[in-house]
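Below is one structure, written out as structure tokens; comments come after it.
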Amino acid sequence: MSNPTFEVDDVTLEQVREHVWEVPQTGDMRVPARVLASEALLEEISADKTLEQITNTTHLPGITNHAICMPDGHQGYGFPVGGVGALDAEDGCISPGAVGYDINCGVRMMRTNLTYDDVRGHEEELVDSLFTNVPSGLGGGGIVEAGADTVDEILARGVDWAVENGHAVADDRLHCEDEGMREEADPSKVSQKAKDRGKNQIGSLGSGNHFLEVQRVTDVFDDEVGEAFGLEEDQIVVLIHCGSRGLGHQTCNDYLRKIEQTHQGLLNQLPDKELAAAPAGSQLAEDYYGAMNAAINFAWVNRQLIMHRTRQVFERVFERPWEEMEMELLYDVAHNIAKKETHTVGDEKRELYVHRKGATRAFPKGHPEVPKAYRDVGQPVIIPGSMGAGSYVLRGGANSMDLTFGSTAHGAGRLMSRTQAKNEFWGGDVQDELEAQDQIYVKAQSGATVAEEAPGVYKDVDEVVRVSDELGIGDKVARTFPVCNIKG
DNA sequence: ATGTGC
């Protein structure tokens, strides 16, 4: 008996098992491509170039097992957003397009001991104060304006710098992926132009889908893990989503151009120039890895400064020290990174550049890289939905190492382009509706951004999370709903 | 995502 299939254009995907669809290996593909999705999500994923892109990815040297597209996947630069590609770190390659322009775009969630009742009636004061005190929008203006030495220190040391300079407490570091610092960072490999763009953006949200949202926990699905994460129903939490701003963007661009010029032989083997990659062991592979890790550190500092500023805003609005409100970092996860990780492939251990672009690390319980506080339950995974839908907290699932190199989805995933969104929605109407129907208060620098990020431009986050949970790569722990939101 | 272009 043959498996169910899904046909789109000239491609036939075979269902390997529930929620696992495979593009068979043909031609110059080095491995099959896999899409992890329900049929409804696969339908949406087929609407743009995602399937073509995830298939193209299988041509990269050193790609291991499968190229994988997550349930929230959509088209990106060369490599889909929602893609995972594990490329051999000895005889494979590293590809900036498979990390993304916004290096270490990511999210962090901060707990509080406030309840929704404590915040009701203060929503407008809170959203106004956050909007005034947390820099957002395109261009410059951050919480810290740094000189050259300081930028280098931030690039080298990440959240460790923030702790030493009064923007973090020591405990914050322990609740970040990689403890908020990549040792392999090499600031000397980040261009002067990138540093100049970053120096006045340290502690700034940026634009697009980046936001800061105050939320209330509406459901805890798993009491044991919920308790380990310090989450309970009706509790207020804060979610921060942003990345490495102009510094990361410039770094990606710098290395794409260098790699295209230097490694044309490899480029010519690939079906899409946007997948440009540097062979493992080459000078540019080392340089990009050092620079990317530096940009990763920059993004962690960025989210840290915004979180610490949020503590100060809450102190003013609720007239209490933040420690008394127990405003502790739950966890900070990266969405756009590559990392040398050791994985079991067949019966051997191999070192791989695991590229996660619009995908979240989701290590299960017991993994030595899960912070001690969560080691018995698994790594927290934070999945932001749209500003009308709320978000999820998951924990790394038991099957993630076998199926996805320890990864799951990163959000709801776009349904339509930004241009299309602006034709469908008007920012002011979206804001009015959210406030009238759901008591969600949104404040943004630009109405166009609100239209581009309207709830209707996103896939159904409940469906994305259902697939992750049923696959056992990231298990449902809690759900949140927006209270107020600021964006660029 | 982005001093909204390659």
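The sequence lines fix the lettering, A, B, ..., with proteins before strands; numbering per chain opens at 1.
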Heavy atoms under 4.0 Å, any strand shown: does A/Lys193 hit a base, just sugar-phosphate, or nothing? base
Can you tell me the distance, in whole Å, between the CD atom of A/Glu274 and the C1' atom of B/dC6? 11 Å
A/His210 atom NE2 is separated from B/dT2 atom P, nearest whole Å, by 6 Å
Euclidean distance, atom NZ of residue A/Lys258 to atom P of B/dC6 [Å, nearest integer]: 20 Å
Would you kindly give the NZ-to-C1' distance between A/Lys487 and B/dT2, to the nearest whole Å? 16 Å
Identify whether the distance between the nearest side-chain nitrogen and carboxylate oxygen of A/Asp254 and A/Lys193 falls below 4.0 Å. no
Base, sugar-phosphate, or nothing: which does A/Gly243 touch, judged by heavy atoms less than 4.0 Å apart? nothing
At 4.0 Å (heavy atoms only), tell me whether A/Arg257 reaches a base, stays on the sugar-phosphate, or touches nothing. nothing
One thing to verify: whether A/Asp102 and A/Arg245 come together as a salt bridge, which I'm taking to mean a side-chain N less than 4.0 angstrom from a carboxylate O. no
Does the side chain of A/Tyr458 come under 3.5 Å of the side chain of A/Glu453 through a donor N or O and an acceptor N or O? yes
So what does A/Gln201 hit on the nucleic acid, given a heavy-atom distance under 4.0 Å: a base, only sugar-phosphate, or nothing? sugar-phosphate
So what does A/Ser207 touch, heavy atoms closer than 4.0 Å: a base, only the sugar-phosphate, or nothing? sugar-phosphate
